[in-house]
Colleague: 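Starting off with a structure, shown below.
In what follows, every heavy atom counts, from backbone to side chain, and hydrogens, waters and symmetry copies are set aside. Just so it is clear: chains get the letters A, B, ... in the order the sequence lines come, proteins before strands, and each one is counted from 1.
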Protein chains: 2
Amino acid sequence: MSAALTLLDESGPSAASIRGIAAKVGVAPNAVYTYFPDKAAVVKGVVERLLGEVDHTASGDDAGSWRDRVAALAVELRRALLAHPGAVPLMIGGPMDGPHALALNERLLELLADAGLDPADAARAAYLLIVYAFGSIAMEVADQHGVAPMPPEQDRIAARLDAFAAIPATHLPRTAAAATVMAGYVSEAQYVWGLHRVLDGISTA
Amino acid sequence: MSAALTLLDESGPSAASIRGIAAKVGVAPNAVYTYFPDKAAVVKGVVERLLGEVDHTASGDDAGSWRDRVAALAVELRRALLAHPGAVPLMIGGPMDGPHALALNERLLELLADAGLDPADAARAAYLLIVYAFGSIAMEVADQHGVAPMPPEQDRIAARLDAFAAIPATHLPRTAAAATVMAGYVSEAQYVWGLHRVLDGISTA
DNA sequence: ACCTGAACACCGTTCAAGT
DNA sequence: ACCTGAACACCGTTCAAGT
């Protein structure tokens with residue numbers, strides 16, 4: 001059942017309608033209410049399903065430093081979420097308190113405890129990392145959804161350059177220059193760079 | 001006209017419907033299409049209106065360090081957005097490329113240039129700060145919208161404690177402990193703490 | 001230019017009824 | 001328990017028509 005849900009947001013961008021799901025499963029719209037009390041519950045199910053796709057073993061059990069392991073987990077999270085970009089906007093819509101969300105948080109807290117942070121600092125640092133990861137991924141999806149079905153990265157860079165060419169360089173000189181700079185970066189590189197700045201900040205806490 | 005838009009999302013949480021707006025203005029639903037081509041344009045207008053509410057002078061012209069000025073701007077941004085919590089989910093829905101969004105970005109780049117960052121680092125750092133601020137505010141709104149119309153902070157802390165009391169402490173010991181820790185923090189304090197960790201990270205770049 | 005009434009193809013959700 | 005048909009109160013959007 002919930003398998004059909006993810007199949008749906010693969011096809012449509014924000015076509016996560018109850019009626020659409022029912023049609024895809026080949027059933028009447030109201031039959032969905034046998035399994036879910038309302039649409040919010042369906043969305044929650046999709047979010048949990050997606051978070052379950054995150055491979056926690058990506059942060060190896062004894063691999064490198066705690067920083068590398070946190071970074072690997074964050075990159076794996078991004079990979080899992082960007083596999084279904086249409087579902088990403090649904091995550092920030094409501095609180096993430098399902099089992100898979102909590103398991104991810106637990107894993108993160110373990111890694112931060114290994115880093116030597118006391119529980120209070122680890123709690124705040126974990127929240128910071130989660131805010132950064134989900135915020136970054138959500139903005140990435142928001143900035144690109146408009147061009148049709150997922151053009152390759154190099155084409156999107158060109159599109160970004162075109163879009164920012166309209167920025168009035170005389171009135172907003174720094175923004176125009178920054179746009180040129182950012183257009184040269186691959187999204188994942190920016191994500192990883194920001195992640196390491198956050199990790200730097202946490203290390204000083 | 002756009003004044004009526006913000007008035008609307010003050011009243012309703014996500015009642016930003018075209019028909020609802022039209023009713024509030026006392027006009028037929030389709031009359032809205034005289035001013036906006038479609039709903040996306042209306043949303044864009046609301047977002048821009050809200051970003052225009054940010055007081056750029058909050059980061060004083062010659063006050064303290066560049067860090068204090070960036071922090072003041074970020075806190076002012078949070079204040080402006082949380083004044084209309086219902087509109088926050090609309091911001092991450094689409095790209096923010098309006099005049100006020102660009103002006104905010106320009107101001108941020110100025111402050112980072114004052115900090116001595118070269119244009120390339122300033123561009124990436126500005127994006128990181130924007131991701132953090134909007135991501136943090138969006139998650140803050142997402143975590144609390146469910147309890148009716150904005151209970152005071154101290155009540156929400158109690159609610160958070162109740163919500164996390166259900167966390168299985170045996171299976172997720174660190175998450176349970178972290179939840180207790182986080183419940184003791186005021187949202188703005190966590191926001192400012194994370195902001196300074198990000199600023200620490202930027203300083204090391 | 002600005003507004004209306006009426007209609008189109010959608011929503012989420014409920015209710016009574018069937019197996 | 002699981003599904004259906006029919007209906008309710010909504011959406012965003014279009015179109016022809018009025019001033």
Colleague: Step by step, work out the side-chain contact (heavy atoms from CB on, under 4.5 Å) result for B:Tyr127 and B:Leu108.
Modeller: CA-CA 9 Å; B:Tyr127 184 76; B:Leu108 196 51; over 6 Å; no
Colleague: Just the dot-bracket of DNA chain C, please: which string comes out with Watson-Crick or G-U pairs under 3.5 Å, [ ] for crossing, | for another strand?
Modeller: ||.|||||...|||||.||
Colleague: Salt bridge between B:Asp38 and B:Lys44, side-chain N to carboxylate O under 4.0 Å?
Modeller: no
Colleague: Which pair of non-hydrogen atoms, one from A:Leu102 and one from B:Thr175, has the smallest distance, and what is that distance?
Modeller: O-OG1, 3.6 Å
Colleague: Could you tell me the separation between the CZ atom of B:Phe36 and the P atom of C:dC3, rounded to a whole number of Å?
Modeller: 12 Å
Colleague: Which of these nucleotides, D:dC2, D:dT4, C:dC2, is closest to any side-chain atom of A:Thr34?
Modeller: D:dC2
Colleague: Do A:Glu106 side-chain atoms and B:Arg174 backbone N/O form a donor-acceptor pair below 3.5 Å?
Modeller: yes
Colleague: If you only use heavy atoms from C-beta on, which nucleotide in C:dG12, C:dT4, D:dT4 is closest to the side chain of A:Lys39?
Modeller: C:dG12
Colleague: By nearest atom, which of the nucleotides C:dC2, D:dC2, D:dT13 is closest to the B:Tyr35 side chain?
Modeller: C:dC2
Colleague: Please compare A:Val27 and B:Ile18 by the position of their nearest nucleotide in DNA chain D and report the one closer to 5'.
Modeller: A:Val27
Colleague: Quick one: A:Tyr33 OH to C:dC11 P, roughly how many Å, whole number?
Modeller: 12 Å
Colleague: Could you give the CG-to-C1' distance, from A:Asp38 to C:dC11, as a whole number of Å?
Modeller: 15 Å
Colleague: Determine, for A:Glu53 against A:Arg49, whether the closest basic-nitrogen to carboxylate-oxygen distance falls under 4.0 angstrom.
Modeller: yes
Colleague: May I ask you to check whether A:Tyr132 and A:Tyr191 place their ring centers less than 6.0 Å from one another?
Modeller: yes
